Every structure is written in structure tokens, then in C-alpha cells.
Amino acid sequence: MIQGLYKRLEAWLERRILEVFKPSGALDIAFERPKEGFGDLATPVAFQLARLLRMPPIEIAERLEAQAADLPEGFSALRAAPPGYLNAEFDPEFLKNALVEVLEHPELFGMFDDGSGKRAQVEFVSANPTGPLTVGHGRQAVLGSSIANLLEALGYEVTQEYYYNDAGRQMRVLGESIRARYLEILGEPASFPEDGYQGDYIREIARQIFEHFADGLKAEATHEPFQKYGERVIFEDIQRTLQRLGIRFDVYFSEHTLYEDGSIERVLERMSALGLLYEKDGALWFKAQEFGQPKDRVFRKASGEYTYRLPDIAYHVQKLGRGFDLIVDVLGADHHLSSQDVITAIKVLGQDVSRIRVVLHQFVTLVKGGERVKVSTRKATYVTLDELIDMVGKDACRFFFLLRKADTHLDFDIDLARKQGEENPVYYVQYAHARICSVFEVAKNRGVAMPNPSIEALQTLNEAELPLLKAVFWLEHTLREAARELEPHRVVYALMDIAGLFHSFYSHNRILESPEEIRNARLLLVQGLGVALRRGLSLLNVTAPEKM
RNA sequence: GCGCCCAUAGCUCAGUUGGAUAGAGCGUUGGACUACGAAUCCAAAGGUCAGAGGUUCGAAUCCUCUUGGGCGCACCA
């Protein structure tokens, strides 16, 4: 709705600018949300023209303002402001009409058509089943699933996918670790692998195996049955944890299948045919340096095993082959370099890498009692994602992970997330929604009839309420921007903004205890806010409670 | 040593792709419930946007350097 408005003004400006100034060179008209008192929408286009035309920006802006007699529908004013802004105001009648549309079709709020008819794939988490998910995985899980939701809102048909390695060295180490613990239980001599997994969950799995099979696997010389058992148990645990965050994958893609269907061999052959590989020290290397990468990379070890990079490349080739218009890789910052290797390789293979977008996220630090909790590695000391959810709950967990843009380190304050109070931003937003529901509850109990949405019923909306109405459409605009930029944190900030506006309005204005006309208009407005809040929260997969 | 990410209020962070007087939340201080939910609201204080140069009408934003942090730089994933 509102983005239609933006486009309309953009087209109008472009036409006027061409008529009046006849500039040479492309126009790129940007819009921003101006400061208080400068209207609803601002464009700095006159600044850009100033360079081209060698005229003071304010003069350009004023000459465009002079054209404002026939503004497109939806706008009521266009003004030049020093040092050269053009500020536009929305036509209140138009906004009221837009609200009526939202109330008549709430299911269409925040739905766009940028991606309609297109297919997107979002790959995230992709943790190997060697242990419980960490809070780092949690950030990625929440980020990835929110991005998937946003892309769906853009109209894409989205596949959420989890890629896991069930073939490599790490899984072997897992099996060996479990086997060693199992033999320990039996009192047999066992050598625990040097780089084995030391968490208590390994002992727990060994104990389960002992309960099922007693000493039946004592003579088992290989790690394989232990690996299989462990993989299954750990994977179930991972899925259970993800489910607690409301995440369900459409596809779990096993690396193993890339070996089975020959994808890996094919990639190897093609790269070899293109002369991109060479042998050294018994290993097979990719000439990554020739393509701007810092180092050449081993694809096949001297042992004959492939390194993870080769299957990764095969996987991406496979994904591109599935015909997705957009492929999003959500990765931790530690995968940055290997991701670049993969992209480099598939580009060299002649694939269209413009369809791939990589979202890197920085790490998470847990903070408790004002102190940082170590989140590290294989030792038994870290806090698992499951334990974090135990402590703060699903909603706070998701909301806090989205509170920062992916690029910045995230300090997750456990104490703050647990607080059921004013300091906690999750409750701030949820409370706004619960309050709105509460108004309708009270209205119902008092026998106040809900008015039908109509432009007449909204006539009394004025300076007190119009900012709220604009915020509804600003949220919608933000949803689209967040989706296009793959930045869910923008939604969080827009939600906090709209919740703040509502709380302030609520404590300064009566809704039910107003004259009927004002009451009805406010009820409809607040209903619209409810639609907006629900939509925003649901895209983040955070619940919008009716009572708290 | 090299590459990537980052440095904004006491703390944690936004900042709409280079624009108006740099904004929130928390914390601090002081106010507001005889009310549709005080899990809220109102107000105040708080800044050399790490530092130094550069690019231009204009820089938190782009370029270079310096300082300080995170992550990488495996024949692990």
C-alpha cells in the first residue's frame, strides 16, 4: 500500500524533474523518514541535482515545489525546506481509506509481490550432528527462519533447508568418542580419541547404548554402529531444540547423498577439465589464488578423503540446479573464508552466483549477572541453546537474537531477557498487543459494538491519532525493506517504535470513554495497530499474546 | 604477518545505502494510578560518532593510516 505511494511520488518527481531541468544522467530518487515537524516523507533529490545542474539545492527544491499543484493521489503537500529537502505529506483521507482496506483484508497486510512466482531457498543452522546446538546456532536459527518468513512475505515460495555432514572425519570422531565411553562403562580398556568430543552427552549416549545392548557391542571393532546411534540421538535432540524455537525445516540435506549421486565426482571432473586443479604432496589442490583468494585449497587429502569444501561446492551447484531464483546462505562469521572459496569455485565453473546471497553473523556472548559466560567449544562448559531456552523462554530468546543486526557481536543479557518487566523489550511490544486486546475485551463486556470499517467512521482522526496511522504503514514499508535487505532486526525496531507510540497514546487518551464518534474511530485505529503488531511479531515467530 | 567484521551517551545498541539540531532502551534523577492493564506514561541529565588525515556544497556513513577488540588464515566443518 504505502510502497505504492512511494512509487507514485517517485514517478511524479521524475517526470517534473525531466520537464523542468532536463538533466543529463540517471536519476535515483531516494526517500527517507524525516525528523519531527518535516512532514511524512522526505527526499534529498535536489542535492543530487545540485551537482548536475550547478544550482543551489534549495532553488531546485523550490522550483519543484512550485509544480505541486497536481500531486499524485495520496499526497496533500510538497514543500521545499532548507538546505534543499523536499518534504511531502500524506493525505489523511487517503490514509484513512488505506486503514479501511487493512481492516477489511488484514491477511494482506505486509504481503508484497516482489517475489511472487519466484522460489527462494534459505540454508541455515546446518550443524553437524556431533553435539547439542550452541547459542551461536541459536542466533543463526532465529536469523535464518526470520529471513525465510520475510521472503515469504515478499511473495517467494521458500524452502528452508538444513545441510549436514554425515560423511566426514568429524562423524568418525563422534563414533569413536561414544565407543570409548561405552567401553569405559563395561570396564574395558579404551583409548579416548585425542580430539574426541568430551561433553557429558557422549557419556549419556554411551549409557543408552549400554542399556539397549548391554555388552553386546563389546566385540564391535569399528566406530560405525556407535556413530549411527549417536547421530540419530543427537539429531533428534537438535530437531527438538529447533522445534522449541518454532523452526521446522522443509529439507534436511545430507552431504552423503552428494557422494552417492556422483555430484562430487562431476564437480571434480569439470574443475579438472578446466585445469583448475593440481597435485602436490599427494593431495589435490584448487588454484584458488588465481581467482583472488588468499590461498590455494586442498580438495582431496593425501588419504583420499575429500575436504569439506568440495561437497560444499557440489551442494551449491546442486542448489543452483534446482532452479531457485534466490539462494540465501546464513553462516557464522567463522565460515566467511570458506564461503568465499565456495563462491569463487562455482563462479569459475560458470554458475550464476548473483542468485546467491550470504548473510554472515557475528558471535554471541552470554551475559549473566553482569559477567560474560564462556560459550566455547567441545569442552563440557558451554551453555547449550536448549538451556538458554529453558532460562528465558522462546519469545525472549528469538526477540533478543534479532535485537542486533547480524554484523555486530551480540551480548545476550540473560537476566534482562528473564525479567518480566519494563526493562525487557519483548514484554514492551507484547504488552502493547495485550493491551489492545484488552480494550476490545472491555468493550465487549460493556456491550460496546465494534464499528464497521469505513472512511466515515474514521472522520474524527486528527493530530492525536494520525501519527499512529502513519506508523502502521511505516511498519509495512519496513517489513518490505527488511525482507529485501535480509535484515530482520529492522522489524524489531519498527515494532518497538509502534509499541511506544501506542503506549504513549494509550496513557494520554481514552478510547472507550470518549464520545461515540471518537470512540469508534479510535477502536478502528487500534484494531489496525493490532493487525500490524501481529503481523510483525508473527514474521519474527514471536507470539502476540492477548493476555499477559 | 595477511584477510573479513566491528569501534556511536555510564552500559547494550539503532542510524533508511552521503543529508536537516546524531537517536532508542537500560541505568541515574524527579514526577504520574479513585482510570479501557503502572509489564505503562511524562520530564531531566548524559556525545570530540576511537584518533588523524583525505574526497565535496555536506561524512557516524566513502578512501588512507593509527590505536583497540572479535573471527578467520587446516590435508577440521
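Letters A, B, ... are given to chains in the order of the sequence lines, protein chains preceding strands, and every chain is numbered from 1. Treat the numbers as computed from the prediction; the structure is a model and nothing was measured.
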- Item | Nearest-neighbour nucleotide for the A:Ala283 side chain, B:A77, B:C75, B:C36 considered | B:C75
- Member of A:Asp411, A:Leu410, A:Asp413 meeting the side chain to side chain contact (heavy atoms under 4.5 Å, CB included) criterion with A:Thr365: A:Asp411
- Task: Whole angstrom is fine here: how far is it from NE2 in A:His336 over to P in B:C2?
- Result: 18 Å
- Query: Mind checking what makes side chain to side chain contact (heavy atoms under 4.5 Å, CB included) contact with A:Val342, not counting sequence neighbours?
  - Reply: A:Asp312, A:Ile313, A:His316
- Message: Check the phosphate of B:C41 against A:Tyr428, side-chain N and O only, distance under 4.0 Å to OP1 or OP2. Yes or no?
- Response: yes
- What does A:Asn509 touch in the nucleic acid at a heavy-atom separation under 4.0 angstrom: a base, only the sugar-phosphate, or nothing? base
- Dot-bracket for RNA chain B, 5' to 3', Watson-Crick and G-U pairs with both distances under 3.5 Å, [ ] for crossing pairs, | for partner on another strand, reads (((((.(..((((.....[...)))).(((((.......))))).....(((((..]....)))))).)))))....
- Phosphate OP1/OP2 of B:G37 contacted by A:Ser438 side-chain N/O (<4.0 Å): yes
- Task: Answer with base, sugar-phosphate or nothing: what part of the nucleic acid does A:Tyr506 contact at a heavy-atom distance below 4.0 Å?
- Result: base
- Task: Rounded to whole angstrom, note down the C1' distance from B:A43 over to B:U61.
- Result: 32 Å
- Mind checking the CG-CZ spacing from A:Leu41 to A:Phe75? Nearest 0.5 Å is all I need. 5.5 Å
- Message: Base, sugar-phosphate or nothing for A:Leu337? Non-hydrogen atoms, less than 4.0 Å.
- Response: sugar-phosphate
- Task: Classify the nucleic acid contact of A:Pro56 as base, sugar-phosphate or nothing, counting any heavy atom under 4.0 Å across all strands shown.
- Result: nothing
- Please list, chain by chain and in numerical order, all residues satisfying side chain to side chain contact (heavy atoms under 4.5 Å, CB included) with A:Ala482, sequence neighbours excluded. A:Leu150, A:Arg490, A:Val491
- Task: Pick base, sugar-phosphate or nothing for A:Ala302, based on heavy-atom distances below 4.0 Å to the nucleic acid.
- Result: base
- Query: Base, sugar-phosphate, or nothing: which does A:Ala443 touch, judged by heavy atoms less than 4.0 Å apart?
  - Reply: nothing
- Contact class for A:Asp415 (heavy atom, under 4.0 Å): base, sugar-phosphate, or nothing? nothing
- Task: Take atom C1' in B:A50 and the same atom in B:U16, then report the distance between them in whole Å.
- Result: 25 Å
- Would the A:Tyr506 and A:Phe502 ring centres measure less than 6.0 Å apart? yes
- Rounded to whole angstroms, how far apart are CZ on A:Arg510 and P on B:U34? 12 Å
- Query: If you look at every strand shown and take non-hydrogen atoms under 4.0 Å, does A:Glu305 touch a base, only sugar-phosphate, or nothing?
  - Reply: nothing
- Query: Partners of A:Pro56 by side chain to side chain contact (heavy atoms under 4.5 Å, CB included), sequence neighbours excluded?
  - Reply: A:Ile58, A:Glu59
- Message: Is there a side-chain contact between A:Arg446 and the phosphate of B:C36, meaning an N or O under 4.0 Å from OP1 or OP2?
- Response: yes
- Base orientation of B:C33, chi within 90° of 0 counted as syn, else anti, reads syn
- Message: If you compare every side-chain N and O of A:Thr408 against the phosphate oxygens of B:U12 (OP1, OP2), does one of them come in below 4.0 Å?
- Response: no
- Query: Which part of the nucleic acid, if any, lies within contact of A:Asp281, taking any heavy atom under 4.0 Å across all strands shown: a base, the sugar-phosphate backbone alone, or nothing?
  - Reply: base
- Which part of the nucleic acid, if any, lies within contact of A:Thr307, taking any heavy atom under 4.0 Å across all strands shown: a base, the sugar-phosphate backbone alone, or nothing? sugar-phosphate
- Message: What is the distance, to the nearest angstrom, from the CZ atom on A:Phe47 to the P atom on B:U61?
- Response: 18 Å
- Does B:C6 have OP1 or OP2 sitting under 4.0 Å from an N or O in the side chain of A:Arg404? no
- Task: For B:C5 and B:A20, measure between their P atoms and round to the nearest Å.
- Result: 25 Å
- Task: Look at the side-chain N and O atoms of A:Lys301 and state whether any lies under 4.0 Å from the OP1 or OP2 oxygen of B:C76.
- Result: yes
- Query: Base, sugar-phosphate, or nothing for A:Phe38, non-hydrogen atoms under 4.0 angstrom?
  - Reply: base
- salt bridge (Lys or Arg N to Asp or Glu O under 4.0 Å) against A:Glu290, all qualifying residues, sequence neighbours excluded: none
- Is B:U66 syn or is it anti, if syn means the base angle is within 90 degrees of 0? anti
- Query: Under 4.0 Å: is that the gap between some side-chain N or O of A:His361 and OP1 or OP2 of B:C4?
  - Reply: no
- Just call it for A:Lys405: base, sugar-phosphate, or nothing, with non-hydrogen atoms closer than 4.0 Å on any strand. sugar-phosphate
- Message: Categorize A:Tyr431 for me: base, sugar-phosphate, or nothing, with a 4.0 angstrom heavy-atom threshold over every strand shown.
- Response: base
- Message: Using a heavy-atom cut-off of 4.0 Å across all strands, would you classify A:Ala434 as base, sugar-phosphate, or nothing?
- Response: base
- C1' gap between B:A60 and B:U8, integer Å: 7 Å
- Task: Would you please indicate yes or no on a ring centroid separation below 6.0 angstrom for A:Phe235 and A:Tyr162?
- Result: yes
- Which heavy atom of A:Ala153 sits nearest a heavy atom of A:Leu539, and at what distance? CB-CD2, 4.0 Å
- Note on the structure: For A:Glu194, the side chain to side chain contact (heavy atoms under 4.5 Å, CB included) test, sequence neighbours excluded, returns none
